[in-house]
Amino acid sequence: MARKNQSLINGALILSVAIIAVKLAGVFFKVYVTYKIGMEGKSYYATAYALYTPIYSIALAGLPTAVAKIVAAKAAQGRYRDVKKLFNVSILLFAILGIVGTAVIILLAVPFASSMSDGVLNAVPAIIAIAPSLFFCCVMSGYRGYYQGLGNMTPSAVSQVFEAFGKLIFGWLFVNIVIGTGASFADKIPYFKDIVTEKQQAWAAAAAIMGVTVGSLAALLYLVIRRAFDKNSVTSAELRVCAPAESFASLSKQLIALAVPIAVSSVIFNITTLIDNWVIPSRLMYVLSADFNTVANMYPGIIAARGFTPETAVNFKDYLYGAYDTVLEIKNIVPTFTVTFGLSAVPVLTHAWVKRDRLGVESSIQSVLRLTLLLAFPAGCGLVALAPDILNMVYGMSEINAPALPYIAPILMMYGVSVCFLALTQPITNMLQVVDRTDVPIKAMALGAVVKLVSNFVLVSIPSINIQGAAIGSILCNIVMVVYGLAALAKTAEIKYDWKGTFLKPLFCAVLSGIAAWAINGIYEHFIPTEGLSSFLSADNIAVIAGVFAAVVCYALSLFATRSLSKDDILMLPKGRKIVKVLEKYGLIG
């Protein structure tokens, strides 16, 4: 019986459905955490992630994609004994990396926190709290790479849901213990009063991040249990007819040989990101020390609400950095959806590449690019049209955070303009790795990282630009990486991009949807009465929801009107043939 794998879009849809649930949980969690601990506490949260994320990426950079690709290639060749043994190899290597990475985070906690805040160690508890998560995520990624290589995205999707809701539930619980019961208890004990009550934001940030660690443990336990009872990933019938497995050493060499170039590219980018996360706060501190008044005059609402002075410049720096991190959370929503297309492409594109199916290779690449941009373009236009209103809806109820929102809205709008480049970065990297051009992401990331570091160092140091320079540097970095990657991918795969169908038509439709969102939002804001509405379902928030709904309808209609969707796109959807018949009847697909 032939193995039935999920198609590229079905796999992406499964991951996307999970990500919708994950993102809803994540947004609720981050909004709640930001509301409870404020922008300064959020800066400690962000500092912990600034150290954790690069080390996490370095530890996991090569192996997940390498596992997925080798598993997909072995499955395409019918070598299922290799597939099973490769799982054991990857889990062992991941566990070792997880232990090493966790130890590195703990060892760097004090010096890193000290360097980020001029000797202030408020971020140390948060860094220690997130460190064990690296080990759990490392082992978990071995399971995910194995299943993704077999074309089964369901285990990855379900584990992400476990991870997100574990983070939400336990993070909420721990934060409230620290801010509520914990603080009340600590007040009665002198020593604990010093370390908990007077540093409550620091400990609350650590409590929130502890939820992340518990969530990753919950996801890993799900995968371990599923694997223990899963008898269908490789069947006994498949094992009976395949050749004997290669040796443990041979599979390890193949895995490491493929993983190392991928890891090198991530090392370059993530060490740069680590340095970058140090550069931004340090340069902010520099401009505040050199010209506090120029920076303060750019944020009169924040100064009026929070009362920052040259003597409390460190707190002002933490507030601005926390506000910037808040923008990153929203702009990173789009890439978390589009990354699913790159992950789903690995088994599909690998199968075509191994079989030398040139048409299959071209079709897979074009599909990934088109699907990514069909999502990224309207999302970007929506951010441009509704940035101030989105921020106000999500964070406006907090008196601590509200003063920052008018000033970070332009940063979110900038990211909206460039979101297509951000969204394409990881899918292009995944596809380059599949077609044996692991050197290209290394070069692209090295070049982009240099551009980012130089831009951030220079621009953030200018008082009249300050934190906004960090956004500009990130945007330039993504543009460089995507342009370089697209050129190399086309040359290697010997394809020509369908610029009109893949890029121009979706962009035109997305711009129309952005205009619709802006117009309907403005109309609703003007005509909806404000009396008798709740704090969340305010006139402004109803206007945002109406604007988003109008954008979705306009985008869908314009895609059909311009015949931007092809028959192949629809056929990849569940019940695609039935949908095609209806659309063809009315001449709505190209």
Side-chain angles (χ1 to χ4, degrees), residues 7-21 23-24 27 330-331 333-341 344 366-387 389-390 393 416-417 419-420 422-424 427 498-524 541-590:
S7 69
L8 187 155
I9 197 168
N10 279 338
L13 281 172
I14 289 170
L15 287 175
S16 295
V17 169
I19 285 176
I20 290 173
K23 278 298 166 186
L24 287 175
V27 167
I330 295 178
K331 68 95 175 173
I333 291 175
V334 178
T336 56
F337 283 97
T338 57
V339 73
T340 63
F341 298 125
S344 297
Q366 296 280 25
S367 292
V368 171
L369 296 177
R370 184 167 56 251
L371 292 169
T372 299
L373 293 175
L374 281 170
L375 179 60
F377 278 142
C381 291
L383 291 179
V384 172
L386 302 175
D389 301 286
I390 291 172
M393 182 174 71
V417 173
V419 75
C420 61
L422 181 65
L424 282 170
D498 177 12
W499 293 103
K500 182 179 179 181
T502 301
F503 296 91
L504 297 181
K505 282 187 175 182
L507 178 58
F508 174 74
C509 297
V511 171
L512 291 180
S513 72
I515 293 172
W518 173 80
I520 296 299
N521 177 72
I523 291 171
Y524 268 70
N541 291 351
I542 293 173
V544 173
I545 295 169
V548 171
F549 180 77
V552 171
V553 173
C554 178
Y555 187 58
L557 293 176
S558 59
L559 285 177
F560 288 127
T562 57
R563 305 186 75 181
S564 297
L565 295 175
S566 70
K567 183 176 180 179
D568 289 339
D569 293 334
I570 306 299
L571 285 173
M572 288 190 292
L573 292 169
K575 307 294 183 183
R577 293 188 181 279
K578 292 183 179 180
I579 298 173
V580 163
K581 288 181 180 180
V582 175
L583 295 177
E584 284 183 330
K585 180 180 179 179
Y586 295 100
L588 295 175
I589 56 175

**Student:** Looking at Lys505 and Arg563, what are the two nearest heavy atoms and their distance?
**Tutor:** NZ-O, 3.7 Å
**Student:** Which residues pass the side-chain contact (heavy atoms from CB on, under 4.5 Å) test with Phe508, not counting sequence neighbours?
**Tutor:** Leu512, Thr562
**Student:** Does Ala550 have any side-chain contact (heavy atoms from CB on, under 4.5 Å) partners at least two apart in sequence or in another chain, and if so, which?
**Tutor:** Ile520
**Student:** For residues Gly382 and Ile390, report the shortest heavy-atom separation together with the two atoms involved.
**Tutor:** O-CD1, 4.3 Å
**Student:** Looking at Asn521 and Val544, what are the two nearest heavy atoms and their distance?
**Tutor:** OD1-N, 3.3 Å
**Student:** Quick one: pull up CZ in Phe377 and SG in Cys509 and give me the separation to the nearest 0.5 Å.
**Tutor:** 10.5 Å
**Student:** What closest approach, in Å, do Ala385 and Gly514 show between heavy atoms, and which atom pair accounts for it?
**Tutor:** CB-O, 3.5 Å
**Student:** Give me the atom names and distance for the closest heavy-atom approach of Pro506 to Gly501.
**Tutor:** CD-O, 3.4 Å
**Student:** Please give me the minimum heavy-atom distance between Ala510 and Tyr555, naming the atom from each residue.
**Tutor:** N-CE1, 3.6 Å
**Student:** Measure the spacing between CD1 of Ile515 and SG of Cys381 and express it to the nearest 0.5 Å.
**Tutor:** 8.5 Å
**Student:** Can you sort out the partners of Thr502 under side-chain contact (heavy atoms from CB on, under 4.5 Å), two or more places apart, ordered by chain and number?
**Tutor:** Gln366, Leu369, Arg370, Leu373, Asp498
